[in-house]
Amino acid sequence: METGIRNPVLKVVFYAILLLWSVSVIYPLIWTVLDALKDNEQFFLNAPWSLPRLPLLWDNFAYVWNHYHFDRYFVNSLVVTVGSTLLGLILSATTAYVLARYPFRGSGLLYLLYISSMMVPFILALIPLFFLMNSFHLINKPIGLILVYASSQFAFGIFVLVGFFKSLPKELEESSVIDGASHFGTFFRVMLPLSQPGLITIAIVNVLNIWNEYIIGTILINDPQQYTLPVEIAVMQKEMQYRTEWGPLFAGLLFTIVPVLIVYIAFQRKIASGITAGAIK
Amino acid sequence: MGRRHPFSIFLQGAILTMRTGTAKAQRYGFIAAFTLPAFAFFCIFTIYPVLQALYYSLFDWSGMSEHKTFVGLDNFKAMFRDPIVWRSVGNDYFLVAGKVIGIMALATFFAVALTRFRFKLSGFFRSIFFIPNVISVVVIGVLWNFIYNPQIGFLNAFLSLFTKEKVDIAWLGFPAHTIWMLLPPAIWAGIGFYMILIIAAIQNIPSSLYEASDMEGAGQWSQFRSITLPLVWEQVKVSIIHITMTTLNGSFIIVWIMTEGGPDNSTQVMGSYMYQMAFRQFHFGFGAAIGVLILVVSLITTIVLQRLMRQETIELG
């Protein structure tokens with residue numbers, strides 16, 4: 001049977017394109033690592049692709065960690081990401097379960113309301129959100145970010161999980177009810193464990209989104225103590241105009257990139273299935 | 001305590017009758033407990049701000065003072081007279097067009113190449129190509145700023161290899177062309193996501209179709225045109241609409257990180273201009289009006305696109 005491309009020239013050309021694109025993706029990451037180990041002199045005198053001089057400047061990492069307070073920003077990002085993912089997950093899972101299994105008057109409308117909120121540009125809510133959080137005294141508080149991020153996940157989470165709960169066989173709940181479990185017991189002991197694959201998929205997609213989120217972060221947080229990593233990276237880049245510390249900037253980028261890369265490598269398949277689930281609207 | 005107290009027996013009986021008698025109430029209690037918290041969140045942090053944005057757009061308000069002045073539709077009138085608003089809309093559509101063409105062409109090519117061409121290393125390429133999608137837009141903006149940097153940037157250093165004198169082009173400094181410079185990072189960052197979508201669609205096509213066409217001796221190109229493209233068209237449509245919406249609603253982040261809308265407001269998009277007017281110049285009413293414009297523009301664009309692309313989707317019998 002014929003496999004792939006017959007024309008050998010085309011085959012080489014296509015391979016070359018794929019390789020070229022791979023290089024365009026990987027190379028910036030490699031050069032981020034190399035540049036994180038350079039000092040200013042090397043940035044200005046040598047070509048950007050030159051290797052860092054020995055001894056390598058590992059100090060750049062310690063420098064951003066301590067001097068630019070990336071230790072704090074890393075923890076802030078971690079707290080906000082984990083907190084809002086968990087909160088968003090429990091709220092969308094409970095809603096999705098009811099919408100999938102306990103139809104009531106208006107449940108269809110409620111589902112539609114959540115789903116159609118995906119159509120409304122979030123940026124529209126940005127200005128009122130700032131004043132709302134201000135009046136709650138939640139500006140510069142991680143909890144404020146957690147609340148907003150958590151509710152920004154509903155549409156996606158509810159959409160995926162309603163489908164997931166509907167696909168589980170009804171007999172499971174029925175037998176659980178016959179055993180005398182309450183509605184709550186059935187959900188927490190039977191349905192939640194069964195929906196783990198769906199929950200993990202959503203959690204990972206949300207973790208990546210929130211860890212990387214910038215615009216809400218920069219609006220709700222003005223206090224440098226409470227910055228998240230992307231907010232600090234943006235601020236640091238602006239500072240480079242009068243204080244050139246390129247090596248530390250690249251070291252800072254790595255503190256932001258490496259955690260998501262680890263999550264990506266560990267959960268590649270989950271992420272792909274999350275995308276396909278979310279996009280088939 | 002061998003014997004059960006009569007009262008506990010009575011209590012149990014009462015609970016039992018309450019259970020059967022008010023199963024309905026219990027059911028509704030459960031529904032309320034499970035849906036109301038999320039709904040409260042949704043109302044406070046999504047519905048209320050969206051409605052409030054519509055309301056703010058009718059006021060002249062610096063954000064700091066308590067009193068806002070009701071100005072009716074004046075913000076919208078001022079908006080339509082502001083040439084920067086028009087330029088922003090133009091830039092937004094430029095990015096939409098550039099991204100739709102660039103991303104869809106490359107993502108479709110990669111998806112076909114990594115499934116139908118049966119290359120070795122397909123899985124490896126697929127994993128690599130998705131990486132930009134997991135990286136923050138802020139990081140991507142900083143990386144590309146470095147590529148474009150006039151003194152120490154990658155692009156100038158590369159071009160200098162071929163010239164006698166050192167190239168020192170300020171890539172982000174030309175009012176007339178800088179918006180073009182924002183396309184490569186936007187396309188580079190977007191491809192993986194849509195590639196995954198189209199790969200999933202291709203993998204749903206029954207292999208018997210390809211086998212039959214192999215037997216007729218059809219080549220890759222004719223298979224792509226007669227089998228793959230028609231059967232992934234639905235996914236392509238979804239992707240185009242998704243690119244359009246996310247660009248109109250979110251392209252301002254890369255703009256803000258890379259150029260802040262400059263030089264001379266030439267790369268301003270609706271979102272970045274809204275951010276600048278509201279949070280930098282404290283015209284919150286005017287900013288909210290731009291927000292409403294973004295909503296209207298993206299809804300209309302989506303509807304028009306859906307109309308335009310309404311082509312018979314081929315259902316597999």
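Residue numbering restarts at 1 for every chain, and letters A, B, ... go by the order of the sequence lines.
- Among B:G219, B:A288, B:S136, B:G217, the residue with the largest count of heavy-atom pairs under 4.5 Å with chain A is B:S136.
- B:I253 touches chain A through its side chain: at least one heavy atom from C-beta onward sits under 4.5 Å away, while N, CA, C and O do not.
- Both the backbone and the side chain of B:F39 come within less than 4.5 Å of a heavy atom of chain A.
- Inter-residue side-chain proximity for A:E213 and A:Y149 is flagged as met; some heavy-atom pair is nearer than 4.5 Å.
- When heavy atoms are compared at a cutoff of 4.5 Å, B:F158 approaches chain A by way of both its backbone and its side chain.
- Note on A:Y15, A:F14, A:F44: by heavy-atom pairs under 4.5 Å with chain B, the leading option is A:Y15.
- Heavy-atom distances place the side chain of B:L106, and not its backbone, under 4.5 Å from chain A.
- With chain B as the partner, the residue from A:Y214, A:W49, A:F104 showing the most heavy-atom pairs under 4.5 Å is A:W49.
- Per-residue heavy-atom pair counts under 4.5 Å with chain A were compared for B:I131, B:T302, B:I196, B:L295, and the maximum is reached by B:L295.
- For a residue to count as touching a neighbouring chain, one of its non-hydrogen atoms must lie under 4.5 Å from one of that chain's; by this rule B:F42 touches chain A with backbone and side chain alike.
- Side-chain polar atoms of B:D214 and B:Q223 form a donor-acceptor pair below 3.5 angstrom.
- Per-residue counts of heavy-atom pairs under 4.5 Å with chain A were compared for B:A113, B:S127, B:P37; the largest is that of B:S127.
- In terms of heavy-atom pairs under 4.5 angstrom with chain A, the leader among B:W221, B:F146, B:F110 is B:F146.
- Residue with the most contacts toward chain B among A:F122, A:W211, A:F43: A:F43 (heavy-atom pairs, distance under 4.5 Å).
- Note: A:F131 and B:F284 meet the aromatic proximity criterion, with ring centroids under 6.0 Å apart.
- Using a 4.5 Å cut-off on side-chain heavy atoms (C-beta onward), B:D92 and B:V297 make no contact.
- A donor-acceptor contact shorter than 3.5 Å links the side chain of A:S135 to the backbone of A:L132.
- Contact count versus chain B (heavy atoms, under 4.5 Å) is highest, among A:T32, A:L126, A:V98, A:I123, for A:I123.
- In this structure A:R101 satisfies the salt bridge (Lys or Arg N to Asp or Glu O under 4.0 Å) test together with A:E173, sequence neighbours excluded.
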For residues 27-35 of chain B, tabulate all N or O donor-acceptor pairs below 3.5 Å that involve a side-chain atom, not counting sequence neighbours.
{"from": "B:R27", "atom 1": "NH2", "to": "A:P103", "atom 2": "O", "distance (Å)": "3.4"}
{"from": "B:T35", "atom 1": "OG1", "to": "B:I31", "atom 2": "O", "distance (Å)": "2.7"}

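- Across B:Y275, B:F119, B:Y56, the residue that shares the most heavy-atom pairs under 4.5 angstrom with chain A is B:F119.
- Note: B:F45 and A:F154 fail the aromatic proximity criterion, with ring centroids not under 6.0 Å apart.
- Looking at B:W144, there are no atoms closer than 4.5 Å to chain A (heavy atoms on both sides), in backbone or side chain.
- Chain B forms more heavy-atom pairs under 4.5 Å with one residue of A:L129, A:V231, A:V148, A:L147 than with any other, namely A:L147.
- Listed options B:G141, B:P49, B:G291, B:S298 were ranked by heavy-atom pairs under 4.5 angstrom with chain A; first place goes to B:P49.
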